[in-house]
Amino acid sequence: MAMRDGAAYLAGLKDQRRIWHNGALVEDVTSAAGFANAAHTIAAYYDFQCDPANRDILTYEDEDGERSHRSFKIPRSKQDLRDRGAAYAAWAEHTGGQLGRAPDYMNAAMAGVAAAEHHWGQQDPQLGRHVVEILNHCRRNDVCLTHTFVTPQIDRKTPLGEQEPYLNAGVVKRTSDGIIVRGSRVLGTLAPFCDENVSFGLPIIKGEAELKYALGFTIPVDAPGLHWVCRDSFDPDRSSHDYPVSSRFEEIDTVAVFDDVEVPWENVFDYQDEKIHNSALLAMQFQESLGHHVIVKNVAKTRFLLGLAHLIAESAQTNSFINVQIRLGEIVTMLQTLESIAIAAVEGSAENPANGVWYCNANAITAGLRLFPEYYVQIIDHIKQIGGSNFMAAPSEANMEAVTQAVGPSVERYFTGAADMTEEGIEKVPLFRLAWDVVGTSLAGRQELYERFFFGDQQLSKANSYQRFDKAEAVDIVRRLLDPEWLSQS
Ligand SMILES: Cc1cc2nc3c(=O)[nH]c(=O)nc-3n(C[C@H](O)[C@H](O)[C@H](O)COP(=O)(O)OP(=O)(O)OC[C@H]3O[C@@H](n4cnc5c(N)ncnc54)[C@H](O)[C@@H]3O)c2cc1C
């Protein structure tokens, strides 16, 4: 079948999935308040990939001779990475990078997992074959994947093996057909809108008592015994004028509860081998693999935020002041840095001789992943500082209409900007409603948390960067400059 359009995607969501929201099961995520809008946004993603105008940029002729999204392709050359980056950029730029979990993110993740067939299959070649077949299945059926990698944050100090068993999802037993999984994993973003879930990679385990958690598998979102516990939806179910982001991009986050879920053996690719499990993320070059999507999305998101910051400054002509220009200039520098990183990531890529797969440049990806969470927080601060009270002076569509009817059209002059923004086709109130949905609403708060955490805790990651960085060259320079004979010798 290969690629699906939006209608085929939406039809696939009507199954037995157990999505818990606001005290009840969601009957149909394609029509329920708080969910339907996001489902239709993802459907638009699938229509976008089927649009003939996007064929060459988004798709390739796959191993079966069908058209598939480029994110499913295991990169075998630098050109493959360039093409994949361009495909990521097409949707991300189209949507201002507002959908962190556009399906191409996890398509590529699954391709990255399958590219490490040699790693998964080193003790049991069957597990290596499983991962290849899982990728084929995902590509052939254009499966939309969520992922739950992380141990629930219950107790981060006590080793997992000394905690109550099965708080984190682990294997209860092996059956003739597969394995039984019990426990919980976080945080399945997009899960209500996905077809399948993949869990693997974490936690790093130690010893026999934790071996049950050394596990990697895929499972349909509607598998018997699998429950998805949602936070509140931040889609207020209002017009896209009033909530332009929340009404479109509420990708939702969920806790996965595995209540003795049977996982078919052919869906398992990581099974109770401490060494293979613990070394998987590095062996797979997972950061370089998956980070490519993140970097491209962040370029698009920063470009959008720059546009937003510029327009709100222009609306009151505060961009004529040097202090505001400095803030705007900082966003420009951030964008230029991220664009440069995106280029370096691909142009500095290299082949891994172990599997013949091309991976983005590790230094570029690491730098991009570490910088953006801080950039994002700073940009949001700049936008708030530039916008001032205007965020609070942007009434809803209905409120504006009611006041205009009561007072007369002249009331509108209190809600216009200094600059003639209508030339750009942009009015001030909708602009500030958009900006508030980026910096101030519930979804805006969630987006900030997302950027801080979704790729792991960046604080510990930075410490890890320092610990792993080869410091020999840097130390050599210091040693040279400390040598009193150094320049006189040359
Ligand atoms: C909006 C959002 C969406 C997400 N979506 C997904 C998803 O789709 N799939 C998925 O798998 N995950 C997802 N995540 C989870 C994400 O991967 C985790 O948030 C991240 O790995 C950090 O784990 P944690 O939240 O448990 O925080 P922790 O790792 O527990 O960190 C919390 C705080 O405690 C500190 N801390 C914790 N342990 C230590 C330690 N040993 N030493 C020193 N300090 C420590 C950290 O520095 C941090 O400040 C999402 C997270 C968010 C916020």
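Just follow the structure's listing: the first ligand is 1, and inside any ligand the first atom is 1.
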- line: Expected contact list for ligand 1 at under 4.0 angstrom, heavy-atom basis, is R101, H147, T148, F149, V150, Q153, R156, V186, L187, T189, D253, R446, L449, Y450, F453, F454, G456, D457, L460
- request: Could you walk me through whether Q272 and R174 pass side chain to side chain contact (heavy atoms under 4.5 Å, CB included), step by step?
  value: CA-CA 11 Å; Q272 302 205 319; R174 192 158 168 188; over 6 Å; no
- prompt: When the ring centroid of W265 is compared with that of Y271, is the distance short of 6.0 Å?
  reply: yes
query: Does the ring centre of F200 sit less than 6.0 Å away from the ring centre of F149?
result: yes
query: Listed by chain and number, what are the salt bridge (Lys or Arg N to Asp or Glu O under 4.0 Å) partners of D259, not counting sequence neighbours?
result: none
- prompt: Among all residues two or more places apart in sequence or in another chain, which pass the ring-ring contact (aromatic ring centres under 6.0 Å, His included) test with W228?
  reply: none
message: I'd like to check the side-chain contact (heavy atoms from CB on, under 4.5 Å) partners of E210; sequence neighbours left out, ordered by chain and number.
response: P159, L160, I205, K206, Y213
